[in-house]
Amino acid sequence: MQNIKLLITARKSGLFTHMEYNFRQIERKWQEHWVKTGAYKVSNNSSKPKCYVLDMFPYPSGAGLHVGHPLGYIASDIYARFKRLKGFNVLHPMGYDAFGLPAEQYALETGQHPAVTTEANINSFRSQLDNIGFCFDWDREFRTSDPSYYKWTQYIFLQLFNAWYNRHANKAEPVETLVRIFEADGNAHHECPGDRQIRFNADEWNQFSYERQQEILMEYRLAYLAYAEVNWCPALGTVLANDEVVNGVSERGGHPVIKKKMRQWFLRITEYADRLLEGLEKVSYSEAMKDMQRNWIGKSQGAEIKFNIAGSLDDIVVYTTRPDTIFGVDFMVIAPEHELVERITTSEQHEAIAAYKEYVQSRSERERMAEVKQITGCFTGAYAVNPFDGRKIPIWTSEYVLAGYGTGAIMAVPCGDQRDFSFAKHFNIPITNILGDAFNGEEANPTKEGKLFNSDFITGVEMKEAMNLVVDKIENLGIGKRQINFRMRDAGFSRQRYWGEPFPILYRNGIPEALPEDQLPLELPHVENYRPGEEGEGPLANVTDWVNLPAAAGTSLRRETNTMPGYAGSSWYFLRYMDPHNDQAFCDRKISDYWGQVDLYIGGTEHAVGHLLYSRMWTKALFDLGFIGFDEPYKKLVNQGMITGSSRLVYRVRGTNQYVSAGLKDKYDTDELHVDVNIVDGVELDTEAFRQWRADYSNAQFILEDGKYICGTLSEKMSKSKFNTVNPDMLVDKFGADTFRMYEMFLGPVEQSKPWETKGIEGVHRFLKKFWRLFMDEQKGLIVKTGEPTADELKTLHKTIRKIEEDTERMSYNTAVSAFMVCVNELTDLKCNKKAVLEQMLVLLTPYAPHVCEELWQAIGNSGSVLDASFPVFEEKYVVESTKEYPVSVNGKLRTTINISLDASTEEVHQIALSNEVIQKWTDGQTIKKIIFVPGKMINVVI
RNA sequence: GCGGAUGUGGUGAAAUUGGUAGACACGCCAGACUUAGGAUCUGGUGCCGCGAGGCAUGGGGGUUCGAGUCCCUUCAUCCGCACCA
């Protein structure tokens, strides 16, 4: 009795704390130690090879972290720690994408300044991250909303504003070089990317007014102004994100949303389309990711063809990828927004067209593309003339043709295109068959293989050949030309919002000019409210003394009132981490030369096209302009899968406050309700906690099965409204950061989406306790012994080294965790407590469970940190086997296994297999046709 | 509509190059120790069948001595689509 008391006292005093796995104490101790010793500080000067491991930085939302967020961070953290053990100088930073719409929404609702709420969100975010034990170098942290950061975002924007894309040199160049070209040659050799109609010679250029020259230069700049439509909600007086528009009305309030043209900034990313495609060959992204980007860029080869309009001086220019089908054109379709619609509509059709255009105004682009079942359109009354056979072709307008793609007009070939076919059927337009038997009249046949019919001079010609013949003829006739098109459009870069980077632009008498560099950063002014300005302008328009600057009499000087979009700051942030405190440059060139590309970039697929393409484009532009020495930002990209929530459901008997267990619910008429996953153990509801959860459940009655209330389950996106979010803090508190880290990895492959299930975490926790017990006994304390390991122990160790090294390198962390489990199970069975083995195990496990490894590393007598140990070296000699348990099949069906020496010759193996009892039973009386023997793998007897 | 991904036990999954399907865990069942157990340990656990054995990787077909893996076809689910980040 007395002894027990002593023991308890001793435990409380901390004397014996090292005997049991007290993860709370261990983790706090080492986290503090790492901060104190600057264990994760990274130097820009090192003789070691570099490795740059980056996470897509988070937007600090008010909702806090749920278990889905840290998945990628843990994966990259393990990789960074592994590389450090392998002798690399590893850059592994973290920061915040802190500008964004949600903070502004929140400000509108509550009046709190976005800077204040963002700060609070970041603080809670940070403490949640700190819990998990990441090896980020926090000295390099920044926020995109820091003026010291966005100064450089503005600076880079100005570089883009001051640059144009030289298609001959295939790179961006300063606008001054373009001016010199214009002065000498006009634009004869440099087609205007913004407007192909603009042509002038040197004399004309030199005689243009300043305003005209600036207008023309604008059509060349990489960052330029143009008119584009936004979602305008007159009732709210604001411009809405696509996100905020649902079924044509505003999400908040349900007010109608229409399109409104506004002058906005764009980035001329289309000039980089080809290089963005080619660059994909040089980087290691998943094929799926590359496909998505290729598809987004959407390069297509085709032709532009000009059709005369009957009885009019106007032409209609269409873009087609199938010039070979020119004789199958039965109608034309132009986008409702196309300027030609007004001009060619006949007076009889005028009213119908006006009504149709109004209908289209209310439709989102998404809706227009997605709802193909519902066919809409309107005849303009005008006809085009087929230049080859003179046929008169009706011109329609329909929402399925988008103004922004190609020329905004198509020639419709119903027998070869399903949408055209459906349209023709719907409006009873006669269909010409140019495919012969390949067209059945039931559906279009979009094939590019085969011969053409009913097609004048290309009848009987293979389609692919016909394409060239037609385009040659078009070019000869001067009515069209070959044309490469991209689905990708230039990137809209203006937001009519407050919480973003202000544009470093001044309008002098309406003409934009760059703010002088020494005036950067242009700081976001403080505002009292976040309401939009007039006519959809951003809230900055209300800050009149900020917007309007003193100017000479008769002139005006105004600031830009829009702000930059979310992706501005994230397009180049990976460069800033290299040199985050530099106030002379966004990143010193020597330093970016040292760190170079990001070696491993981890983030979600939701950024597959947006962020990644913009960031790739900025990198290429900065490369072209000589700021950095590489033109692809991310060498290798890994997309972590989404962790879906596993919701729990209860079934309320309709009209009562009675809840029936899942197994019995079919006997009642019930309503399904989401219940907080945190009051459910597995699928068993804690009924008491349920009663206390919300007032309306306080006197809930339950219909149980086997004395338990079993919940239904449903896998869906994690969200607060579904009560299926799980907070990592709670799990770290209950099981420790090491367990949490390993469990997240154990769930399944990093790249794969998977549902979260808290229950399984105990298995990983048990593993760590079991690992701990190889070193520590609760009574005896440290039990690690010296002495030579046995052959079996070395075999287990080296098998594990090989597996962990391979799996960690290819980020197969789930299999690595199970390899650790197998290893600890084996060492436990072998009763191995030898230091020579366990010490190496600590190094292997450190990237996954850094806290417990540091603690044990110290406990077994090391003075330094395990972070600086070097990764164990695998030795083949410890794992060689002399025999193999061969599976032996008869006709491919496994019948037995036989242990055979690996040295045995083919003849010997055949002999052994055929003389085996079981095999004889299955081959009895049959002729052996052949025996397949794959050394080291298997044996198959064929009869 | 376009594009992408995923379908394997009750659950998460493994099988790296076409070669023993279900490793490792969760859960479940039985047992040991214990005043107690949400601790620890041992054994069992794909399905059908008493058994021999048969059947099994969303469904159907094919290639192969051999298919979760390759080919064709089909179904289902999830994600993205340019102003959410």
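In the text below, chain A, chain B and the rest are named by the order of the sequence lines, each starting its count at 1. On a predicted model such as this, the values are computed, not experimentally measured, just so you know.
Separating the C1' atom of B:U17 from that of B:G68 is a span of 15 Å, rounded to the nearest Å. Here the separation of B:U8 from B:G44, taken at their P atoms, is 27 Å to the nearest Å. Here, B:C26 and B:U64 have their P atoms 44 Å apart, quoted to the whole Å. Comparing B:C24 with B:A14, their C1' atoms sit 8 Å apart, to the nearest whole Å. One P atom belongs to B:C70, the other to B:U6, and the distance between them is 11 Å to the nearest Å. Using atom C1' as the reference point in both B:A15 and B:G59, the two lie 23 Å apart (nearest Å).
In terms of phosphate contacts, A:N295 brings no side-chain nitrogen or oxygen within less than 4.0 Å of OP1 or OP2 of B:G80. The phosphate of B:A82 has neither OP1 nor OP2 within less than 4.0 Å of any side-chain N or O from A:R489.
Here A:M289 lies out of heavy-atom contact (under 4.0 Å) with every strand. The residue A:E762 sits close only to the backbone: its heavy atoms come under 4.0 Å of sugar-phosphate atoms, none of a base. Here A:K893 lies in heavy-atom contact (under 4.0 Å) with sugar-phosphate atoms only. No contact: A:V817 has no heavy atom under 4.0 Å from any strand. Within 4.0 Å (heavy atoms only), A:Q752 reaches sugar-phosphate atoms of the nucleic acid but no base atom.
Between the side chain of A:Q264 and the base of B:C83, a donor-acceptor pair under 3.5 Å is found. Between the side chain of A:K770 and the base of B:U40, no donor-acceptor pair of N or O atoms lies under 3.5 Å.
Within 90° of 0 lies the glycosidic angle of B:G9, which makes this nucleotide syn.
For the pair A:Y743 and A:K930, nearest-nucleotide mapping onto RNA chain B gives the more 5' position to A:Y743. Projected onto RNA chain B by closest heavy-atom contact, A:P755 and A:R773 fall at different nucleotides, the more 5' of which corresponds to A:P755.
A salt bridge links A:R294 to A:E287: one of the charged nitrogens lies within less than 4.0 Å of a carboxylate oxygen.
Of all heavy-atom pairs spanning A:T270 and A:M488, the tightest one is CG2-O, 3.5 Å.
Note: A:Y573 and A:W618 fail the aromatic proximity criterion, with ring centroids not under 6.0 Å apart.
Comparing B:G19, B:G4, B:C24 by their closest approach to the side chain of A:M938 singles out B:G19.
Taking atom CZ on A:R497 and atom C1' on B:C84, their separation rounds to 10 Å, with Å as the unit.
Not one N or O on the side chain of A:N899 forms a donor-acceptor pair closer than 3.5 Å with the backbone of A:E885.
Counting only N and O atoms by type, the side chains of A:Y614 and A:S570 include no donor and acceptor under 3.5 Å apart.
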